[in-house]
J.: 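Structure provided below as structure tokens; questions to follow.
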Amino acid sequence: MVPLSDNNDDDHQDNYFEYDSDDNNDDEDEGQVRPSHYSNFYSSTPLSSDALSSGDDYDTSNTYLSKRIYHYLYPPNVPREVQLLRKENIAVPACYLLVGLLQGLSGPFTNVYPLDLNASEAQQTTISSLKSLPSTFKLAFGFFSDNVPLAGYRRKSYMLLGWAITSLSMILLLTFSDLSVEAMALNNEQMVNGDGSSGRYFLRHLQSSTAEFGRQSSIVGAPPSIPFLSFTLLMFGSGFWFADVMGDSLVAEKAKLEPESSRGHLQSTCYACRFFGLMIAAPLSTVIYSKYGPQSVVMLMAGLPSLILPLIYNLKEKKDGEVASTKEQCGEIWNTVCSRAVWQPMGFVYLYNVLQVGNAAWKQFLKTVLEFTSNQLNSLLIVAYVLLWLGIMAYKKFFITWSWRSVYLSTTLLNGIFSALQILLIKGITFGLSPFLFALGDDAFADFVGGIQFLPTTIMMVHLCPAGSEGASYAMFTTMSNSAYSLASAFSTLLLGVWDVSKDAMERGDLTGMVNLTALTTLIQVSGVLFVGLLPRTKEDLSNLHSDPMSG
């Protein structure tokens with residue numbers, strides 16, 4: 001078992017953070033954070049209050065704000081290191097917000113723009129795969145930052161580098177290709193007419209129309225080739241996920257400094273920022289693309305990362321801190337994985353996520369049988385983002401004091417009830433509501449539940465990370481969780497062959513297969529509660545499980 005630390009040893013007083021209780025750095029020992037560098041987070045003795053910077057510095061702050069507002073911005077019951085709106089900490093929630101904004105902006109762009117370039121289905125799949133490919137290297141990103149400091153820093157330098165690469169990739173796309181609507185239209189015209197005559201006519205007509213409004217037109221260039229677009233999106237994903245891992249690592253480090261009374265609030269705030277950005281950017285990207293074209297979307301994707309660079313510069317992290325050898329960190333991670341306090345709850349997470357098998361024919365049913373339009377399907381997606389964010393906020397506000405088992409039991413059973421209501425929609429029983437509103441309410445609740453369930457898992461993962469190896473260990477846990485979802489998606493595809501749920505069957509009015517498949521997937525999803533006994537009730541139970549000498 002990983003040895004515990006009571007954090008009272010002077011030999012363990014060097015960490016990669018270095019904070020002072022005030023803005024003056026004359027006394028290097030005052031107010032520094034000193035968790036053990038290579039002992040696990042769990043400790044029978046909590047950090048003493050004098051080991052952390054005081055969060056209540058209103059009397060010495062020389063602020064013009066009222067005390068009530070000041071304490072709202074900087075809660076006095078948590079140490080300064082966890083007050084996210086401080087100048088030295090604000091880069092952390094800003095990083096999460098930026099992740100959400102770029103996810104929202106890039107999603108519709110990568111879904112639609114390749115189609116407008118007449119990319120084949122294989123090319124569309126390749127573009128999407130290359131953009132998400134770097135996410136499979138999150139463990140490598142985290143391990144590298146844990147072991148190889150850049151310019152003396154393990155997090156902030158790599159976060160800055162990641163966002164710089166993200167921005168540079170989109171600048172390259174803007175510089176070496178023409179993303180204007182005119183270029184896209186000209187490209188389509190030339191593909192229809194091999195001689196390009198219609199395209200030249202379209203260009204002349206467009207330029208003359210533009211000149212009528214007194215605007216000077218430039219020669220339309222060529223849109224990006226599919227290989228170049230794929231390369232820039234791969235580069236975009238690499239920087240994006242690298243910076244994302246750095247943000248997760250910082251949260252994993254800072255979350256350990258929260259007092260017992262507020263455990264989980266830091267993560268819930270950061271993820272609320274992330275999903276808020278996603279909720280805002282996804283519909284915004286769709287509107288901007290439709291009205292102004294892809295160039296405006298890419299300009300936003302290039303410009304937004306640059307806004308966070310000054311915040312990263314002010315991020316406070318100890319320079320040239322002690323870093324254990326790769327062998328020591330690998331041993332620490334291995335001991336962590338072998339501990340029952342890790343494999344038991346992570347076993348639940350994996351099993352539960354694998355069982356979240358969806359009905360892969362549902363969208364086809366909405367389009368073919370209920371005749372949902374593209375706008376209606378997009379509305380379902382936008383509402384899903386909104387309800388996901390509301391679920392995060394609901395957990396932070398109302399459910400954060402609930403036991404983890406209670407959260408999963410109640411939300412899983414309720415989600416099962418609402419999933420079963422899909423059978424009523426298939427049979428045309430909507431209680432007087434339009435099919436769209438009925439489907440909207442059903443899907444919305446599912447995403448709301450997903451938001452509530454999301455935070456307990458991430459809070460638990462942070463508490464499993466050994467000190468000093470947060471980057472690699474947290475990335476490993478999230479990769480494991482995400483791989484279970486991928487396997488569940490594969491299972492949902494396999495179930496399509498059990499009954500006839502093809503488009504032809506739906507057009508014939510044969511919906512028996514849809515009813516059976518919906519009932520089966522609902523039962524599989526609800527069966528996840530059978531394993532809830534593997535999940536600790538609370539953070540305290542998780543800590544007790546780790547301190548059990550029989551836990552490994």
Side-chain angles (χ1 to χ4, degrees), residues 107-116 118-129 132 282-283 286 290 353-388 415-431 433-450 485-526:
F109 171 77
T110 54
N111 287 337
V112 177
Y113 190 53
L115 289 173
D116 290 337
N118 296 302
S120 65
E121 292 183 357
Q123 289 173 327
Q124 295 171 40
T125 303
T126 300
I127 291 172
S128 178
S129 299
S132 60
T286 303
S290 301
N353 290 351
V354 162
L355 292 172
Q356 300 311 297
V357 178
N359 186 343
W362 186 247
K363 287 186 178 180
Q364 188 65 55
F365 167 77
L366 295 178
K367 186 175 182 179
T368 302
V369 178
L370 299 184
E371 299 180 344
F372 279 18
T373 65
S374 298
N375 287 335
Q376 287 176 317
L377 292 175
N378 287 334
S379 298
L380 291 177
L381 180 63
I382 293 172
V383 171
Y385 289 146
V386 174
L387 268 294
L388 188 63
N415 188 51
I417 294 173
F418 276 81
S419 295
L421 290 178
Q422 291 180 345
I423 297 176
L424 297 181
L425 181 60
I426 296 171
K427 292 181 174 292
I429 303 173
T430 60
F431 305 104
L433 297 173
S434 68
F436 175 72
L437 290 178
F438 195 90
L440 184 64
D442 190 34
D443 290 350
F445 186 83
D447 289 292
F448 180 74
V449 167
Y485 280 121
S486 299
L487 188 57
S489 177
F491 285 151
S492 67
T493 303
L494 290 176
L495 291 179
L496 292 175
V498 178
W499 293 283
D500 187 2
V501 290
S502 64
K503 181 179 180 180
D504 292 338
M506 294 180 189
E507 290 175 341
R508 293 195 308 267
D510 182 6
L511 301 178
T512 304
M514 277 296 299
V515 173
N516 294 337
L517 183 59
T518 302
L520 177 61
T521 54
T522 299
L523 288 175
I524 293 175
Q525 291 173 10
V526 175

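The figures that follow rest on heavy atoms only: side chains count, while hydrogens, waters and symmetry mates do not. Counting begins at 1 with the first residue of the sequence. Just so it is clear, the model here is predicted, and its values are computed rather than measured.
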J.: Could you check whether any side-chain heavy atom of Leu380 comes within less than 4.5 Å of a side-chain heavy atom of Leu366, counting everything from C-beta outward?
T.: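 SC-SC contact between Leu380 and Leu366 confirmed.
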
J.: Got a sec, which pairs hit salt bridge (charged side-chain N to carboxylate O under 4.0 Å, His left out) with one end in residues 501-510, sequence neighbours left out?
T.: Asp500-Arg508

J.: Look at the side chain of Gln525 and the backbone N and O of Gly416, then say whether any donor-acceptor pair between them is shorter than 3.5 Å.
T.: no

J.: With the side chain counted from C-beta on, respond yes when Val449 and Phe418 share a heavy-atom pair under 4.5 Å apart, and no when they do not.
T.: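 No, too far: nothing below the 4.5 Å cut-off.
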
J.: What are the two closest non-hydrogen atoms of Leu433 and Phe438, and how far apart are they?
T.: CD1-CD1, 4.3 Å

J.: With sequence neighbours excluded, tell me which residues meet side chain to side chain contact (heavy atoms under 4.5 Å, CB included) with Leu355.
T.: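 So Leu355 forms a side chain to side chain contact (heavy atoms under 4.5 Å, CB included) with Ile524, Ser527, Phe531.
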
J.: In a check of side-chain contact (heavy atoms from CB on, under 4.5 Å) between Leu487 and each of Val357, Val354, Asn353, which one passes?
T.: Val354

J.: Would you name the heavy atoms of Leu425 and Phe365 that are closest together and state the gap between them?
T.: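 Shortest heavy-atom separation between Leu425 and Phe365 comes out as O-CZ, 4.2 Å.
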
J.: Pair up each side-chain donor or acceptor in residues 489-496 with any protein partner under 3.5 Å, not counting sequence neighbours, and list the distances.
T.:
unit_1	atom_1	unit_2	atom_2	d
Ser492	OG	Ser489	O	2.5
Thr493	OG1	Ser489	O	3.2

J.: Of the non-hydrogen atoms in Leu517 and Ala361, which two are nearest, and what is the gap between them?
T.: CD2-CB, 4.5 Å

J.: For Gln124, does its backbone N or O pair with a side-chain atom of Ser128 as donor and acceptor, under 3.5 Å?
T.: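 Here the side-chain-to-backbone pair does not exist.
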
J.: What salt bridge (charged side-chain N to carboxylate O under 4.0 Å, His left out) pairs are there with at least one residue in residues 415-429, not counting sequence neighbours?
T.: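 Residue pairs with at least one partner in residues 415-429: there are none.
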
J.: For Thr368, check side-chain hydrogen bond (donor to acceptor under 3.5 Å, both in side chains) against everything at least two apart and list the hits.
T.: Gln364

J.: According to ring-ring contact (aromatic ring centres under 6.0 Å, His included), who are the partners of Phe448, at least two apart in sequence or on a separate chain?
T.: none

J.: If every non-hydrogen atom of Pro114 is compared with every non-hydrogen atom of Phe109, which pair is closest and at what distance?
T.: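 The answer is CD-O, 3.7 Å.
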
J.: Taking atom CG of Asn415 and atom OG1 of Thr522, what is their separation to the nearest 0.5 Å?
T.: 8.5 Å

J.: Report the residues that fulfil side-chain hydrogen bond (donor to acceptor under 3.5 Å, both in side chains) with Asn359, sequence neighbours left out, ordered by chain and then residue number.
T.: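 So Asn359 forms a side-chain hydrogen bond (donor to acceptor under 3.5 Å, both in side chains) with Thr518.
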
J.: Should Val515 and Trp499 count as side-chain neighbours, where that means a heavy-atom distance under 4.5 Å?
T.: no

